Amino acid sequence: HTDTPLADFNSENKTGTPEPSGGNLTWAWGGGGGDWCDPGSHLIAQRDLNGNGIATIVIANPNRAFVGTGGNASGRPLYNIPIDSSVYPINVSQPPYGYYESSGLKTNDIYGESHYAYIAPQSNSSEEIIILDVAGSNPIFVKSIELSDSKKKGSKNVFVSNNMLYFIATDNNLYVYSLDASRTNPVLKGSVSVGGTSNRMYVVNGYVFVAMDATSNQLLIFDATNP
C-alpha cells in the first residue's frame with residue numbers, strides 16, 4: 001500500500017469526510033460542515049434558556065430536545081426545544097421555548113417521546129413522576145404518579161420503552177408501570193429494591209441496567225420482562 005504523506009493532507013481542503021480509495025485518502029465534497037481536523041468547529045448551535053437554572057439533563061429525538069434544570073430555583077423543570085433534522089446540519093430553533101412550570105419543581109431526570117415527556121422530579125416535589133403532552137410548543141400536564149406509602153418523594157431516574165414506564169424513586173425502589181396510548185392511566189406492574197442510590201438507568205428489551213452510586217456492585221441488571 002501507499003501511505004499518504006502529511007504534506008498531502010495539509011495541502012487539501014479538510015472539510016468533508018475522508019473516504020478510503022486504493023490505500024490513499026480522497027476528500028469527499030458536499031454534505032458536510034466544519035473542519036474534521038478541528039473538532040471545535042463542529043459546534044452548530046448554542047442556546048440560552050430562560051432563567052438562570054443549571055441544565056442538569058438533556059434528551060433528544062429527531063423532532064425535539066428536552067432540557068431540565070436544577071441547582072437553583074431560577075430555571076424551568078422542562079424546556080421543549082423543536083429540532084428540524086430533515087436538513088444537515090440540523091436546525092435547532094431559536095428561543096423563546098415552550099416549557100413546563102410548577103412552583104418549586106426541579107428535575108432529576110427526563111425521558112422524551114414524540115408526543116410525551118416524563119419528569120423525574122427532585123425530592124421537593126409531591127409526585128414521583130410527571131407525564132406531559134409535548135405535541136405542542138408548551139407542554140401540557142397529563143398525569144402524575146404519586147406513591148402514597150412513600151415517605152420520600154421524587155425520583156432519581158425515568159425511562160420508557162414499549163409502553164412500559166420504569167423509574168427509580170427516592171425510596172430506592174425500581175417501579176414498573178404499563179402505559180395506555182393516552183398516558184392517562186398508568187398501572188403498577190411491580191417493584192423491587194435496588195438497595196442503594198442510583199445514578200443512571202437504561203432499559204433494553206425489558207432488562208433494566210442501573211448504574212449505582214457505590215464502590216462495589218456498581219452495575220445492577222434486573223429482568224423486568226414479566227414484572
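Everything quoted here is computed from the prediction, not taken from an experiment. For the single chain, residues carry numbers from 1 onward in sequence order.
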Other residues, nucleotides, ligands: >12 heavy atoms within 6.0 Å of Tyr202 OH = no

message = Surrounding CG of Asn205 (heavy atoms of other residues, nucleotides or ligands, distance under 6.0 Å), is the total greater than 12?
response = no

[X]: what forms a side-chain hydrogen bond (donor to acceptor under 3.5 Å, both in side chains) with it, not counting sequence neighbours?
| X | result |
| --- | --- |
| Tyr99 | Arg76 |
| Tyr97 | Arg47 |
| Asp84 | Ser86 |

Test item: [X] and [Y] side chains (from C-beta on) under 4.5 Å apart, heavy atoms:
| X | Y | answer |
| --- | --- | --- |
| Arg200 | Ile168 | no |
| Tyr175 | Ile145 | no |
| Glu101 | Pro77 | yes |
| Pro96 | Asn50 | no |
| Ile129 | Tyr177 | no |

Sequence-distant partners of Tyr118, ring-ring contact (aromatic ring centres under 6.0 Å, His included), two or more places apart = none

query = Is there any salt bridge (charged side-chain N to carboxylate O under 4.0 Å, His left out) pair reaching into residues 185-197, and which pairs are they, with sequence neighbours excluded?
reply = none

If you look at every heavy atom in [X] and [Y], which pair is closest and at what distance?
| X | Y | value |
| --- | --- | --- |
| Pro227 | Ala224 | CD-O, 3.1 Å |
| Thr184 | Asp180 | N-OD1, 3.2 Å |
| Val134 | Ala117 | CG1-CB, 3.7 Å |
| Ser193 | Asn173 | CA-OD1, 3.1 Å |
| Leu105 | Pro121 | CD1-CB, 3.3 Å |

Does any N or O in the side chain of [X] come within less than 3.5 Å of the main-chain N or O of [Y], such that one atom is a donor and the other an acceptor?
| X | Y | value |
| --- | --- | --- |
| Asn162 | Met164 | no |
| Asp109 | Val158 | yes |
| Ser155 | Ala120 | no |

Got a second to check how far [X]'s [atom1] is from [Y]'s [atom2], nearest 0.5 Å?
| X | Y | atom1 | atom2 | result |
| --- | --- | --- | --- | --- |
| Glu113 | Ile131 | CD | CD1 | 9.5 Å |
| Ile59 | Ile110 | CD1 | CD1 | 8.5 Å |
| Thr56 | Asn108 | OG1 | CG | 7.0 Å |
| Phe209 | Phe159 | CZ | CZ | 10.5 Å |
| Phe167 | Leu174 | CZ | CG | 8.5 Å |
| Ile90 | Ile44 | CD1 | CD1 | 4.5 Å |

message = Test side-chain contact (heavy atoms from CB on, under 4.5 Å) on Arg64 and Asn80; report intermediate values, then the result.
response = CA-CA 7 Å; Arg64 64 190 73 235; Asn80 181 17; 3.0 Å; yes

inquiry  = Can you pull out every side chain to side chain donor-acceptor pair (under 3.5 Å) where at least one residue sits in residues 218-227? Sequence neighbours excluded, please.
reply    = Asp223-Thr225

request  = Give a yes or no on whether the ring-centroid distance for Tyr166 and Tyr111 is below 6.0 angstrom.
outcome  = no

key: Short side-chain donor-acceptor distance under 3.5 Å, Asn157 and Ser198   = yes

message = Whether the Thr69 and Lys106 side chains hold a donor-acceptor pair (N or O, under 3.5 Å, no angle test) is what I'd like checked.
response = yes

task = Any chance you could lay out the side-chain contact (heavy atoms from CB on, under 4.5 Å) test for Leu132 and Ile130, step after step, and finish with the verdict?
result = CA-CA 7 Å; Leu132 304 173; Ile130 299 171; 3.8 Å; yes

Under 4.5 Å between side-chain heavy atoms, hopping through other hydrophobics if needed: is there a path connecting [X] to [Y]?
| X | Y | answer |
| --- | --- | --- |
| Ile221 | Met212 | yes |
| Leu219 | Met201 | yes |
| Val160 | Val187 | no |

ask   = Would Ile140 and Asn138 count as a side-chain contact (heavy atoms from CB on, under 4.5 Å) if you check the C-alpha gap in whole Å, the side-chain angles of each, and the deciding distance to 0.1 Å?
value = CA-CA 6 Å; Ile140 300 171; Asn138 286 309; 5.8 Å; no

task = Indicate yes or no: does Glu127 engage Lys153 in a salt bridge with an N to O separation below 4.0 Å.
result = no

query = Checking side-chain contact (heavy atoms from CB on, under 4.5 Å) for the pair Val176/Val208: CA distance, chi angles, key distance, verdict?
reply = CA-CA 10 Å; Val176 183; Val208 184; 5.7 Å; no

